[in-house]
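As the structure is a prediction and not an experimental result, all values here were calculated from the model. Just so you know, residue 1 is the first one in the sequence shown, and it goes up from there. Atoms within each ligand, like the ligands themselves, are counted from 1 in listed order.
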Amino acid sequence: MKNVLIIGSTGQIGSELTMKLRRMLPEGTIVAGYIPGAEPKGELLESGPSAVVDVTNGAQIAETVEKYKIDTIYNLAALLSAVAERKPLMAWNIQMNGLINILEIAREKGCAVFTPSSIGSFGPETPHQNTPQDTIQRPRSMYGVTKVATELLSDYYHNKYGVDTRSVRFPGLISHITLPGGGTTDYAVEIFYAAVKGEEFVCPIAAGTYMDMMYMPDALQAAVDIMQADPTRLVHRNSFNIAAMSFEPETLRAAIAKRIPSFRMRYEVDPVRQAIADSWPDKMDDSCARAEWGWKPTFGLDEMVDDMILNLRKKLL
Ligand code: AKB
């Protein structure tokens, strides 16, 4: 990995992954791909090249790959689960037509490709406790359908054409730099903004709903480590379960209230997001990722809550 194209570089993961890779690979070129309307700003804009790369436009991807001699593509363009339910055709177009554009270019130019999957690739029939690496995947949401198809198509391009595709199934990602947009797990980010600003939080997910969650530094490390893993050790490729913490809204509320005693939360459950959340695992088994490429998270619930509050106080107050 030397010259890297990040598609979706201004999103929740992309904005931080681009900066991490620029710091990590000073000899390389890390190109921030974006779509008009979501331009990179500040440090992201100034610290390296950027290019308009719409994932649904194969010619744009090919041109950027050629121009910067790209060897690795991080494909982070996606509509998240709740918004994908409102715009299923758009989600399909971005997630699937976008992916095949990338895989075709990767096949021609010899690029490695990372396209994240998600806890959203599982469905109501999946075992919810210690969800195994290899298990039933019958999601009911469009987001989930595209994630399962992403895993299958990525493996297909590896098995048939030798394209170096690898990925992880991300839990809900918690971060303080760029807000997520339209996910089922977004409540676990938005709650911190409300708490730090001294506002009441209206939680769209019901008490008692457990989901896997992860703090962004661990997610970024996973995205890097999987692409740098020794391929001879990989039994799986697309995609690895990775887990860090599992909680329900009350656990998070209590952890925040311990640090901000005036914090208040009430529930107004969103039926669309709740149905999706109910169909997802409570807690995944990530033993294959641990065994095959050394996955190990560093942030648990308390470390994450401390760090989120510290950073959001700096940002918002
Ligand atoms: C979402 O909630 O849609 C995402 C995800 C878990 O993939 N954060």
For atom 8 (N) of ligand 1, find the nearest protein heavy atom and state the residue, atom name and distance (0.1 Å precision).
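Answer, as residue, atom name and distance: Thr185 OG1, 2.9 Å.
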Under 4.0 Å to a heavy atom of [X] - the qualifying atoms of ligand 1, by number:
| X | result |
| --- | --- |
| Thr184 | 1 (C), 2 (O), 3 (O) |
| Ser118 | 5 (C), 6 (C), 7 (O) |
| Trp280 | 1 (C), 2 (O), 3 (O), 6 (C) |
| Ser81 | 1 (C), 2 (O), 3 (O) |

So do the side chains of Asn101 and Asn57 get within less than 4.5 Å of each other, counting heavy atoms only?
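Of all side-chain heavy-atom pairs linking Asn57 with Asn101, none is under 4.5 Å.
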For ligand 1, is there an N or O atom under 3.5 Å from any N or O atom of Asp186?
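No, since none of the N or O atoms of Asp186 sits under 3.5 Å from an N or O of ligand 1.
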Where is the tightest heavy-atom contact between Thr178 and Gln12, given as atom of each residue plus distance?
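In terms of heavy atoms, the two residues are closest at O-CG, 3.2 Å.
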Parallel, tilted or perpendicular: ring planes of Tyr156 versus Tyr161, cut at 30 and 60 degrees:
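Plane angle over 60°, so perpendicular.
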Would you call the rings of Phe299 and Tyr215 parallel, tilted or perpendicular, where under 30° means parallel and over 60° means perpendicular?
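Perpendicular.
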Any atom of ligand 1 sitting under 4.0 Å from a heavy atom of Ile119?
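Checking ligand 1 against Ile119, which is what was asked, there is a heavy-atom contact under 4.0 Å.
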Arg259/Asp302 ion pair, N-O < 4.0 Å:
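Asp302 and Arg259: salt-bridged.
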Regarding Glu248 and Thr209, is there a side-chain donor-to-acceptor distance under 3.5 Å anywhere?
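Not at all, the side chains of Glu248 and Thr209 share no donor-acceptor pair under 3.5 Å.
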